[in-house]
Amino acid sequence: MSSRLRTLDDVGVAGKRVLLRVDFNVPMSGGEIVDDARIRESLPTFRRLLESGAAVVVVTHMGRPGGKVVEELRVAPLARRLQEMLGTDVGVAPAVVGDDVAAQVRAMTAGQVLILENVRFEPGEEKNDPGFARRLADLADVYVNDAFGAAHRAHASTEGVAHLLPSCAGLLMQREVEVLGGVLTSPREPLVAIVGGAKISSKIGVMEHLLPRVEKMLVGGAMACTLLKARGARVGASKVEEDQLETGRRLLAEAGDRIVLPVDAVVADGFSEDAARQVVDSAAIPDGWMMLDVGPATVEQFSQAIAGAGTVVWNGPLGVYEMAPFRAGTEGVARAIAAGNAISVVGGGDLGAALSELGLEGSITHVSTGGGATLEFLEGRELPGIRALEEAG
């Protein structure tokens, strides 16, 4: 059995009905799409399939409806945006499976696109129910998975159906695997990792997997406070995971000077935009004050490490980016990466939105569409949605 990822070059789609799994779980507000990056990134796969003479049956999820129909999580807004971007009609099925859906699919001709209703309305989806996977497979001749953001889920539409049809990765999935895999196996040296976010407990796996590979690991966000306290610093009222202090001490001991912690911090006397704030030494945060961003000296220190990197991989913001007074650290590091010559790979989610807001997306080599999937990939874990495509070989 081959372990090579099967791609569109391996599967003929001309004249075929293609079941295309995408991840259009985009942020919404008041029924309107806030950020369509995941839809935009899927367009090359759509165009390749349509130009090849396929009829495309689209499968996606939205939110967490728990196997029930939730009106505000219907796919109609996604279909409208996809239609605008593709410049071709996009039909909307009344359900995910069933006789009416099957008849609608059978009537499709080459070049047509139909999006099925939110696949998570079906209770069999998240259970990876074989019967439901079979009903999905019966709609098509070929299965293409382009939903990297859902590849860490062993669901019927991401894993189960891949074993029932000729299957391969879409262009987005292929690029994610190639770029993220390259960071782990053959980065342009030296490799610098930037790790941020709220909880160190959610990043231990990726830190441990990347540490042997990096020259420097720059740590920010609230998770840095746990490591600072583990090193003996006074962190005031900053968020600390007390049950991770021993793990933090172990990581620091193993890493030596490869882990770089903030030297200064923007601290506040409350968790709000209106709180009083000041910049202090990160090892001496006053009682009652909490670290909500890295300080300017840290941004300068991190920027110097980035300037000398061959590859930079970044996962997680360095401060409370959603609050304007505490986004300078994330912005400063983003600009340092954009100004450098390194191959740059940035985890999606909050960081992807921040880069888009700053107009820096075009200066980054690759902005991943995954959240949890990106993190698990960088931890070195097997992702069920990818493994199924390899097994299909």
Side-chain angles (χ1 to χ4, degrees), residues 13 15-34 36 38-39 42-43 45-46 49-50 53-147 149-150 153 155-162 164-165 167 170:
V13 299
K16 303 286 182 66
R17 287 193 301 269
V18 174
L19 191 71
L20 174 62
R21 179 56 158 102
V22 294
D23 180 4
F24 285 0
N25 188 27
V26 297
M28 307 279 292
S29 178
E32 296 296 322
I33 296 171
V34 175
D36 61 13
R38 283 181 166 177
I39 302 175
S42 75
L43 295 180
T45 298
F46 275 96
L49 293 172
L50 294 174
V56 182
V57 181
V58 185
V59 184
T60 189
H61 69 280
M62 275 280 286
R64 297 181 177 179
K68 299 175 182 177
V69 174
V70 177
E71 290 300 322
E72 57 266 32
L73 294 178
R74 289 192 179 276
V75 300
L78 306 177
R80 288 193 293 270
R81 183 62 58 88
L82 179 61
Q83 180 167 297
E84 291 170 9
M85 291 175 144
L86 277 180
T88 190
D89 288 343
V90 175
V92 181
V96 184
V97 291
D99 292 343
D100 290 345
V101 175
Q104 196 171 358
V105 170
R106 282 195 301 271
M108 293 176 71
T109 58
Q112 290 189 317
V113 180
L114 174 72
I115 186 167
L116 304 180
E117 192 47 273
N118 188 339
V119 71
R120 288 191 182 170
F121 286 177
E122 290 285 340
E125 163 65 358
E126 294 185 78
K127 296 174 183 176
N128 199 2
D129 178 72
F132 176 59
R134 169 50 65 188
R135 296 180 78 188
L136 281 175
D138 286 345
L139 294 173
D141 308 303
V142 173
Y143 170 72
V144 177
N145 191 348
D146 215 27
R153 307 296 188 194
H155 292 170
S157 71
T158 59
E159 200 273 343
V161 73
L164 303 174
L165 289 172
S167 302

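For Gln104 against Val92, the heavy-atom pair with the smallest separation is NE2-O, 3.8 Å. Ile33 and Arg81 make their closest contact through CD1-CB, 3.6 Å (heavy atoms, listed as atom of the first residue, atom of the second, distance). Annotation for Gln112 and Ala107: closest pair OE1-O, 4.0 Å, computed over non-hydrogen atoms. The shortest heavy-atom contact between Ala156 and Phe132 is CB-CD2, 3.6 Å. For the residue pair Val22 and Ser42, the shortest heavy atom distance occurs at CG1-CB, 4.5 Å. The two atoms that bring Thr60 and Asn25 nearest to each other are OG1-N, 4.3 Å, heavy atoms only.
Applying the salt bridge (charged side-chain N to carboxylate O under 4.0 Å, His left out) criterion to Glu32, with sequence neighbours excluded, gives no partner residue.
At a threshold of 4.5 Å between non-hydrogen side-chain atoms, the residues Leu43 and Leu86 count as touching. Side-chain contact between Phe46 and Leu20: present, with at least one pair of heavy atoms (C-beta onward) separated by less than 4.5 Å. By the 4.5 Å heavy-atom criterion applied to side chains, His61 and His155 are not counted as neighbours. Taking the side chain as every heavy atom from C-beta outward, Val57 and Leu19 approach each other to under 4.5 Å.
Interatomic distance, Leu165 CG to Arg134 CZ, rounded to the nearest 0.5 Å: 7.0 Å. Between atom OG of residue Ser157 and atom CG of residue Leu136 there is a gap of 6.5 Å, rounded to the nearest 0.5 Å. Atom CZ of residue Arg21 and atom CG of residue Leu116 lie 10.5 Å apart, to the nearest 0.5 angstrom.
At most 12 heavy atoms of other shown residues, nucleotides or ligands fall within 6.0 angstrom of atom CG in Asp100. Counting non-hydrogen atoms of neighbouring residues, nucleotides and ligands closer than 6.0 angstrom, the CZ atom of Arg17 exceeds 12 such neighbours.
Remark: side-chain polar atoms of Asn118 are paired, donor with acceptor, to backbone N or O of Met62 under 3.5 angstrom. Judged by distance alone, the side chain of Glu125 and the main-chain N or O of Arg120 form no donor-acceptor pair under 3.5 Å.
Side chains of Arg153 and Thr158: a donor-acceptor N/O pair is absent below 3.5 angstrom, by distance only.
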Return a table of donor-acceptor pairs under 3.5 angstrom between the side chains of residues 63-79 and protein atoms on other chains or two or more places apart.
from	atom 1	to	atom 2	distance (Å)
Glu71	OE1	Arg74	NE	3.0
Glu71	OE2	Arg74	NH2	3.3
Arg74	NH1	Glu117	OE2	3.0

